Each structure stands twice: as structure tokens, then as C-alpha cells.
Amino acid sequence: MANNQDLNLTRAERRKFIIRMRGQGYQLKEIAEVIGSSTSQVSYDLKLIKAVADEEGVCDEVGTDVDELLTKKMKAEFARIIKKADEVD
């Protein structure tokens, strides 16, 4: 199984990967297995992304459910949010 280091993912790349997989309906455990991370790390990343999205008012457009937001394919918004989340973390 590949892990985060095998994939050479930066933190921002890992978060983008998590968003894509979550948007496709993968569970936290499945995402963690694919990227070689813990479910707690995946959960933390999603919570941080959601917090920044909430702060930015992005979730106001589709409700407060980050999964619903992800399925709306707001890639440009999330790229910006991930960048801001990386500055915080």
C-alpha cells in the first residue's frame, strides 16, 4: 500500500486528495488507507478545511455539510481554502 511519503504528497496535495476522495463518497478509513495516513489525520484535515470554509462563508451557499459542498465540485474555492488552511496549520 502506498503511503503519504511514497506518494510524496505535500500537506496541500494530501488535503486535495482527501477532498477528491471524500467528494467521491469514500469513507475516512478508505481514504487513510489509500494515502497511508491515519483516520484521525484525515478527520483533522477535513475538520480544518470545513472550519476555513465556514469562516469564508463557502458553506453558506449549500448548507453546512462539507460532504454536500464537496459534491458540488467547488474546486477553485477549495484550492483557495486549502492554501489558507495550510497557512493556519
Side-chain angles (χ1 to χ4, degrees):
M1 171 186 343
N3 65 37
N4 204 16
Q5 293 170 338
D6 292 340
L7 296 174
N8 293 319
L9 297 176
T10 65
R11 183 174 48 205
E13 290 169 336
R14 182 186 72 232
R15 290 177 178 165
K16 288 177 189 176
F17 200 90
I18 290 169
I19 287 172
R20 281 194 298 271
M21 289 190 72
R22 189 66 171 171
Q24 294 172 1
Y26 287 91
Q27 299 299 312
L28 298 182
K29 183 178 179 183
E30 295 170 311
I31 297 168
E33 288 173 357
V34 169
I35 65 172
S37 188
S38 65
T39 55
S40 61
Q41 180 65 58
V42 173
S43 177
Y44 174 80
D45 284 339
L46 284 170
K47 286 178 185 175
L48 183 61
I49 291 164
K50 184 182 182 330
V52 173
D54 285 344
E55 180 182 300
E56 295 287 318
V58 175
C59 290
D60 294 341
E61 297 177 27
V62 293
T64 58
D65 185 2
V66 72
D67 292 326
E68 181 181 346
L69 181 63
L70 295 174
T71 61
K72 295 290 184 180
K73 309 267 187 214
M74 298 180 75
K75 293 178 183 176
E77 278 297 307
F78 267 102
R80 183 179 62 76
I81 289 168
I82 288 170
K83 183 177 179 183
K84 185 171 181 177
D86 282 341
E87 293 168 3
V88 172
D89 188 34

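All values reported here derive from a predicted model rather than from experimental measurement.
Side chains of Val42 and Arg22 form no contact here, defined as non-hydrogen atoms less than 4.5 Å apart. The shortest side-chain heavy-atom distance between Phe17 and Val34 falls under the 4.5 Å cut-off. Residues Leu46 and Leu28 are in side-chain contact: their nearest non-hydrogen atoms beyond the backbone lie under 4.5 Å apart.
Applying the side-chain hydrogen bond (donor to acceptor under 3.5 Å, both in side chains) rule to Ser38 yields the partners Ser40; only residues at least two apart in sequence or on another chain are considered.
The distance from atom CZ of Arg15 to atom CZ of Arg20, rounded to the nearest 0.5 Å, is 14.5 Å. Distance check, rounded to the nearest 0.5 Å: CD1 of Ile18 to CD1 of Ile49 gives 6.5 Å. Here the straight-line distance linking atom CG of Asp45 with atom NZ of Lys16 works out to 13.5 Å at 0.5 Å rounding.
Of all heavy-atom pairs spanning Glu30 and Met21, the tightest one is O-CE, 4.3 Å.
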